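I have a structure I would like to understand better, so I am pasting it below and will then ask my questions one at a time.
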Amino acid sequence: MAAAVDTAAVAGATGRLRVFFLPSFIRGHLIPQTDMACRVAAARPAEVEATVVVTPANAALIAPTVARAAAAGHAVRVLCYPFPDVGLGEGVECLATATARDAWRVYRAMEVVQPSHESLLRDHRPDAIVADVPFWWTTGVAAELGVPRLTFHPVGIFALLAMNSLFTIRPDIIGRASSDAAGTVLSVPGLPGKEITIPVSELPTFLVQDDHLSKAWQRMRACQLTGFGVIVNTFADLEQPYCEEFSRVEARRAYFVGPLGKPSRSTMHRGGSGNADCLSWLSTKPSRSVVFVCFGSWAEFSATQTRELALGLEASNQPFLWVVRSNDSSDDQWAPEGWEQRVANRGLVVHGWAPQLAVLAHPSVGAFVTHCGWNSVLEAASAGVPVLTWPLVFEQFINERLATEVAAFGVRLWDGGRRSERAEDAEIVPAEAIARAVAGFMEGGEQRDKLNARAGELAERARAAVSEDGSSWRDINRLIDDLLQARASGLPQMNSVQLE
Ligand code: UDP
């Protein structure tokens with residue numbers, strides 16, 4: 001096993017509460033869990049030390065964030081264990097760096113790390129374990145060590161409740177999908193608040209057919225329910241009344257601690273090496289004039305869709321900052337002939353990784369074309385930037401409904417054809433539709449004013465939530481108090497309450 005950065009502290013020489021964080025191999029999980037480790041350590045520097053347990057290449061991705069926390073005097077460390085041999089190339093240790101063809105290997109790696117985790121946790125004996133959703137086995141080790149085990153959720157509460165509720169009618173959903181009624185629109189049962197509808201074609205695959213997740217879903221949920229508690233990167237004002245419902249039925253203790261990322265320039269290298277030039281470029285543009293286009297850390301577009309998007313942004317006549325993932329641009333022909341020259345004065349393409357939080361915080365950004373990954377939705381709300389939604393996979397179509405119908409700070413980019421969570425069933429979004437949506441929004445009017453106002457209000461609430469005595473600030477402190485109390489009381493079995 002590779003060495004810890006500071007073994008003395010990890011071994012508990014300080015008497016501080018030692019909390020271990022175990023994120024899985026997905027960048028959108030790794031980033032917020034590292035932020036969480038930093039937040040906990042910063043909240044009570046004298047009482048808590050946080051250790052992020054990761055594999056070497058993932059350690060490199062979070063190193064700048066951890067180094068900043070350490071420089072501020074907070075006890076945050078990295079503990080490395082080897083990435084399992086699942087046939088991936090050297091340094092490929094998360095979904096963002098694997099090709100779509102190899103994604104299954106990353107999921108396989110998440111399943112086979114159980115023995116590494118178990119021996120590491122037995123060796124280091126932390127006071128509390130915060131583990132990502134797929135790492136269900138940490139419940140057993142935590143029980144053996146007599147320490148609390150918490151689940152960290154990188155997905156929002158609205159989507160979690162919706163998926164759990166849809167899981168209860170899964171046989172009906174599967175029946176509809178197989179009887180060619182995939183266009184059937186379902187009402188999500190049992191959700192508080194307004195009625196939410198969704199076509200079968202937009203549901204995550206595990207709800208529609210058998211896959212690795214459909215088998216694991218109930219087990220992961222049971223871990224969540226029987227564990228000490230659940231930590232979620234959200235804030236109560238964004239997801240009421242869903243947070244109340246979640247606390248009531250989905251967790252013994254729920255802590256809503258977000259937004260964990262602070263929209264500011266200081267997050268330049270969060271989750272990867274951010275491109276600083278794009279911030280300087282943004283500074284040359286007028287206030288709220290630029291459309292930021294980014295689809296998260298691992299989603300891939302076909303060459304055809306990438307070209308349509310390029311043409312659409314060109315035809316919109318609006319300034320744009322577009323993050324093109326290296327896999328999307330690996331083909332030399334990714335952009336139409338002469339496109340880069342034609343848009344040179346008003347468009348900037350970042351290949352690879354942009355400092356998304358810093359970009360969203362920049363005053364020149366006026367809208368965010370997003371795939372509705374949970375972090376992106378939350379970050380846009382926290383930065384007060386309205387969203388044009390273009391969901392691609394998994395729970396993103398559900399998050400879209402939170403952004404457009406519930407929190408109401410966004411609008412769908414395209415509704416004119418067949419949308420589907422299964423890429424092979426989805427229609428290509430045409431350039432004209434992209435141009436129309438982007439230009440229509442950016443040229444202004446009542447809709448833009450309304451969404452700007454709403455986004456601004458959410459940003460205020462997000463700031464209030466993480467400020468002293470705000471809801472998320474209180475939940476982080478409640479979490480630390482609960483963990484300190486658990487350690488002091490020495491309860492032997494904290495994760496073993498039976499499910500009803
Ligand atoms: N991100 C970033 N730069 C990029 C792409 C993504 O900083 O070029 C960050 C983004 O700020 C967010 C995370 O990566 O924190 C992506 O998470 P999300 O849940 O939005 O999407 P996923 O990548 O899981 O699909």
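In listed order, ligands and their atoms are each counted from 1. Every heavy atom of this structure was used, including side-chain atoms; hydrogens, water molecules and symmetry mates were not. Everything numeric here is computed off the predicted structure, so don't read it as measured data.
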- Message: Looking at ligand 1, is there an atom of it that comes within less than 4.0 Å of some heavy atom belonging to Ala354?
- Response: yes

- Task: Heavy-atom contacts with Trp374 under 4.0 Å: which atoms of ligand 1 show up? List them by number with element.
- Result: 19 (O)

- Note on the structure: With heavy atoms and a 4.0 Å threshold, my read on which part of Cys294 contacts ligand 1 is side chain

- Task: Check if His371 has a non-hydrogen atom at a distance under 4.0 Å from any atom of ligand 1.
- Result: yes

- Aromatic plane relationship, Trp390 with Phe295 - under 30° parallel, 30 to 60° tilted, over 60° perpendicular: perpendicular

- Structural part of Arg27 in contact with ligand 1, heavy atom criterion under 4.0 angstrom: neither

- Query: Which part of Glu379 is near ligand 1, with near meaning a heavy atom under 4.0 Å away: side chain, backbone, both or neither?
  - Reply: side chain

- Heavy-atom contacts under 4.0 Å between Val323 and ligand 1: side chain, backbone, both, or neither? side chain

- Message: Whether Glu314 and Arg346 form a salt bridge (side-chain N of Lys/Arg under 4.0 Å from carboxylate O of Asp/Glu) is what I want to check.
- Response: no

- Could you find the nearest protein heavy atom to atom 13 (C) of ligand 1 and give me its residue, atom name and distance? Ile31 CD1, 4.0 Å

- Nearest non-hydrogen protein atom, atom 5 (C) of ligand 1: Trp353 CZ3, 3.4 Å

- Just need the protein heavy atom nearest to atom 20 (O) of ligand 1, so name the residue and atom and give the distance. Ser376 OG, 2.5 Å

- Message: Does this structure show an ion pair linking Arg419 with Glu427, if we count only N-O contacts that are shorter than 4.0 Å?
- Response: no

- Task: Give a yes or no answer on whether the side chain of Ser302 reaches the backbone of Gln305 with a donor-acceptor pair at less than 3.5 Å.
- Result: yes

- Please check if any side-chain donor atom of Asn375 sits under 3.5 Å from a side-chain acceptor atom of Glu379, or the reverse. no

- With distance as the sole criterion, is a donor-acceptor pair present between the side chains of Thr65 and Arg270 under 3.5 Å? no

- Message: Please state which option from Asn375, Asp35, Leu378, Leu357 has its nearest heavy atom closest to atom 19 (O) of ligand 1.
- Response: Asn375

- Arg253/Asp475 salt bridge by N-O under 4.0 Å criterion: no

- Enumerate the atoms of ligand 1 whose separation from the nearest heavy atom of Ser297 is less than 4.0 angstrom. 22 (P), 23 (O)

- Query: Taking the inter-plane angle between the rings of Phe25 and Tyr81 on a 0 to 90° scale, is it parallel (under 30°), tilted (30 to 60°) or perpendicular (over 60°)?
  - Reply: tilted

